[in-house]
Protein chains: 2
Amino acid sequence: MEKYIPVLMKTRLFSGLGEEDIRAMLTCLQARLGTYKKGEYVLRQGERTGDIMVLAEGQLHIQRDDYWGNRSIINAVSPGDMFGEAYAAPESGPVQSDVLAVEDSAVIFFDVKRVITVCPSACRFHSIAVQNLFFAISEKNRRLVRKLGVMSRRTTREKLIAYLSEEAKSQGSSTFSIPFNRQQLADFLSVDRSAMSNELCRMRDEGLLEFEKNRFRLL
Amino acid sequence: MEKYIPVLMKTRLFSGLGEEDIRAMLTCLQARLGTYKKGEYVLRQGERTGDIMVLAEGQLHIQRDDYWGNRSIINAVSPGDMFGEAYAAPESGPVQSDVLAVEDSAVIFFDVKRVITVCPSACRFHSIAVQNLFFAISEKNRRLVRKLGVMSRRTTREKLIAYLSEEAKSQGSSTFSIPFNRQQLADFLSVDRSAMSNELCRMRDEGLLEFEKNRFRLL
DNA sequence: CATTTTCTGTTGTAAAAACAACCGACTTGT
DNA sequence: ACAAGTCGGTTGTTTTTACAACAGAAAATG
């Protein structure tokens with residue numbers, strides 16, 4: 001777990017805490033480490049969890065598959081990102097999505113109850129972590145609303161523009177990489193892959209953007 | 001404000017608290033009341049707020065209008081519902097959506113800082129409220145993901161089925177009302193009104209459901 | 001009560017997306 | 001190095017949606 005402390009320091013959940021503080025918290029919160037090979041599931045729909053998780057290494061997709069095999073990717077999780085916090089509340093039922101490792105990954109688990117309850121030893125970082133958790137969830141909330149904004153676009157082109165603009169903005173550059181290949185991007189935007197591929201090339205021909213693999217540049 | 005205490009008692013934010021406790025909290029948190037006529041805006045895109053709000057009476061829509069006048073309704077807010085909590089974090093910028101009163105409404109405002117900071121008088125309900133707030137946000141989070149599930153449906157019919165099923169489930173009956181007229185439902189699902197109206201009637205003719213105005217029954 | 005406005009359903013047309021099938025380039029694994 | 005599989009782009013067809021325009025019913029207004 002030690003080797004992931006630098007990643008944790010950049011996590012919203014631990015922002016404002018130093019290396020030593022985090023080490024103390026890992027113990028205090030009884031953090032556990034899980035590793036997953038590419039293609040393995042961290043969580044499957046219907047399972048229950050009382051954990052908040054942070055991705056330490058690799059790449060995850062949060063997704064749902066319907067009865068007809070149509071896949072819908074809800075979110076991509078990168079190192080330092082937190083997930084599972086929506087199921088923190090005791091009354092929240094089983095998880096409603098799959099969490100798939102799309103690369104070999106390492107995940108750190110924290111028991112929610114230990115995070116939101118003041119610990120017996122009154123560890124002094126605890127209150128900071130609670131507030132961080134709160135801010136992290138509200139940030140996740142805004143992210144979901146932004147995704148709704150993308151999904152509410154009527155045409156594939158508009159969805160692409162909305163998504164790519166957001167990505168450029170959040171990465172602070174008109175040149176950026178996305179955590180998806182074409183099929184995954186289509187599943188993320190809920191459109192047909194071939195139609196999307198078509199649209200992307202048309203936009204490239206019109207001079208709106210350039211791309212190569214999962215690297216894009218908006219013009 | 002006194003007359004809205006029964007509503008507040010049913011709010012997730014104050015669950016587990018008695019009438020007296022809530023009265024104490026209203027003071028402790030310096031709650032303010034705002035009233036809005038039908039058609040007025042509680043918040044407009046670009047404004048900043050450090051408040052968490054609870055709808056005491058009436059009906060609100062959280063929505064966005066794009067440059068082309070295309071409206072997208074993100075959520076309907078009913079009495080007892082909380083909103084604005086996503087902008088609780090200090091680093092969250094201005095609000096990204098409009099909050100419109102679709103009926104004459106009353107809204108109670110709470111300063112976020114006062115909620116998440118322990119009050120000087122160490123009011124004993126405070127810690128309960130913080131935990132409730134946390135659970136309420138994570139519940140909102142799950143609701144947003146469910147909406148993403150609806151929006152990720154490819155066809156208008158699938159969106160309708162997904163939305164109406166969720167509504168039936170959450171209202172615990174196959175007969176239920178929705179907080180939208182046809183145009184609003186279309187804006188909520190991001191589809192064309194006439195196409196949706198068409199699809200609804202076709203589904204009715206096929207015996208999938210019945211409806212009259214905003215009242216539906218799934219068969 | 002008459003008038004205006006809003007709401008809902010209907011129809012026809014044009015645009016867009018889904019679907020299916022295929023191909024060549026590139027990876028992966030053995 | 002070869003076979004198998006993945007990935008991205010292309011094309012043609014079918015289905016679905018968006019758009020526009022209209023009409024009757026219901027609701028709101030004065």
Side-chain angles (χ1 to χ4, degrees), chain A residues 37-39 59 61 66 68-73 100 102-104 150-164 177-206 208-216, chain B residues 37-39 59 61 66 68-73 100 102-104 150-164 177-206 208-216:
Chain A
K37 289 252 166 256
K38 176 176 175 175
Q59 181 85 212
H61 283 177
D66 69 13
W68 277 86
N70 249 326
R71 170 161 297 178
S72 160
I73 297 178
L100 172 70
V102 290
E103 294 174 11
D104 292 357
V150 173
M151 299 288 293
S152 69
R153 299 285 150 183
R154 303 293 219 282
T155 67
T156 299
R157 173 176 291 225
E158 282 180 328
K159 284 184 183 175
L160 282 168
I161 291 174
Y163 170 67
L164 294 173
S177 298
I178 64 173
F180 302 121
N181 63 29
R182 294 291 182 279
Q183 181 62 59
Q184 291 166 343
L185 179 57
D187 290 341
F188 182 76
L189 298 177
S190 287
V191 295
D192 179 71
R193 181 193 62 78
S194 70
M196 187 192 75
S197 180
N198 233 317
E199 198 62 47
L200 270 176
C201 293
R202 216 173 302 151
M203 289 164 77
R204 180 193 54 201
D205 296 344
E206 291 174 23
L208 289 174
L209 48 76
E210 294 170 357
F211 56 85
E212 195 201 327
K213 300 220 178 192
N214 66 337
R215 190 145 195 86
F216 289 77
Chain B
K37 290 250 166 259
K38 176 175 176 176
Q59 181 86 213
H61 282 176
D66 68 13
W68 278 85
N70 249 324
R71 171 162 295 178
S72 162
I73 297 178
L100 173 71
V102 290
E103 295 174 12
D104 292 356
V150 172
M151 299 287 295
S152 69
R153 299 286 150 181
R154 302 294 218 278
T155 67
T156 300
R157 172 176 291 226
E158 281 180 328
K159 284 184 184 176
L160 282 168
I161 291 174
Y163 170 68
L164 294 173
S177 298
I178 64 172
F180 302 121
N181 63 29
R182 296 290 182 279
Q183 181 62 61
Q184 291 167 342
L185 180 56
D187 290 340
F188 182 77
L189 298 178
S190 287
V191 296
D192 179 70
R193 182 195 60 78
S194 68
M196 185 193 76
S197 181
N198 230 319
E199 196 65 45
L200 271 176
C201 294
R202 214 173 304 151
M203 288 164 78
R204 181 194 51 199
D205 296 345
E206 291 175 23
L208 289 175
L209 47 77
E210 294 168 359
F211 57 86
E212 195 202 329
K213 302 218 178 192
N214 67 338
R215 188 144 199 87
F216 289 78

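Below, chains carry the letters A, B, ... as their sequence lines are ordered, and counting in each starts from 1. Computed from a predicted model, the values in this text were never measured in an experiment.
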Rounded to whole angstrom units, what separation is found between the [atom1] atom of [X] and the [atom2] atom of [N]?
{"X": "M203(B)", "N": "dT10(C)", "atom1": "CE", "atom2": "C1'", "answer": "18 Å"}
{"X": "F180(B)", "N": "dT8(C)", "atom1": "CZ", "atom2": "C1'", "answer": "17 Å"}
{"X": "L160(A)", "N": "dG9(D)", "atom1": "CG", "atom2": "P", "answer": "12 Å"}
{"X": "F211(B)", "N": "dT8(C)", "atom1": "CZ", "atom2": "P", "answer": "10 Å"}
{"X": "K159(B)", "N": "dA18(C)", "atom1": "NZ", "atom2": "P", "answer": "10 Å"}
{"X": "E212(A)", "N": "dG9(D)", "atom1": "CD", "atom2": "C1'", "answer": "15 Å"}
{"X": "M151(B)", "N": "dT17(D)", "atom1": "CE", "atom2": "P", "answer": "14 Å"}
{"X": "E158(A)", "N": "dA18(D)", "atom1": "CD", "atom2": "P", "answer": "11 Å"}

Flag the pair [X] / [Y] as yes when at least one side-chain heavy-atom distance between them is below 4.5 Å, and no otherwise.
{"X": "S190(A)", "Y": "M151(A)", "result": "yes"}
{"X": "T156(B)", "Y": "L189(B)", "result": "no"}
{"X": "R157(B)", "Y": "L208(B)", "result": "yes"}
{"X": "L209(B)", "Y": "R204(B)", "result": "yes"}

Are more than 12 heavy atoms, taken from residues, nucleotides or ligands other than E212(A), located less than 6.0 Å from that residue's CD atom? no
Would you say dA17(C) has OP1 or OP2 under 4.0 Å from some side-chain N or O of R154(B)?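 Checking dA17(C) against R154(B), no side-chain N or O comes under 4.0 Å of OP1 or OP2.
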For dA16(C), does either OP1 or OP2 sit under 4.0 Å from a side-chain N or O belonging to R157(A)? no
Do the two ring centres, one from F188(B) and one from H61(B), sit under 6.0 Å apart?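 No - the distance between ring centres of F188(B) and H61(B) does not fall below the 6.0 Å cut-off.
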Between the main-chain N or O of F180(B) and the side-chain N or O of N214(B), is there a donor-acceptor pair closer than 3.5 Å? no
Could you walk me through whether D66(A) and R153(B) pass the salt bridge (Lys or Arg N to Asp or Glu O under 4.0 Å) test, one step at a time? CA-CA 10 Å; D66(A) 69 13; R153(B) 299 286 150 181; 3.3 Å; yes
Need to verify one output field. Residue with the more 5' nearest nucleotide on DNA chain D, C201(A) or T156(B)?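 Comparing both residues, the 5'-ward one is C201(A).
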If you check every side-chain atom of V191(B), which of dA18(D), dG9(C), dG8(D) has the closest atom?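 Ranking dA18(D), dG9(C), dG8(D) by closest atom to the V191(B) side chain puts dA18(D) first.
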Can K159(A) and E199(A) be said to form a salt bridge (Lys or Arg N to Asp or Glu O under 4.0 Å), step by step? CA-CA 11 Å; K159(A) 284 184 183 175; E199(A) 198 62 47; over 6 Å; no
All N/O pairs under 3.5 Å across the protein-nucleotides 25-30 of chain C interface:
none

Any residue of residues 192-200 of chain B with a heavy atom less than 4.0 Å from an atom of DNA chain C: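 Listed by number, they are R193(B), S194(B), S197(B), N198(B).
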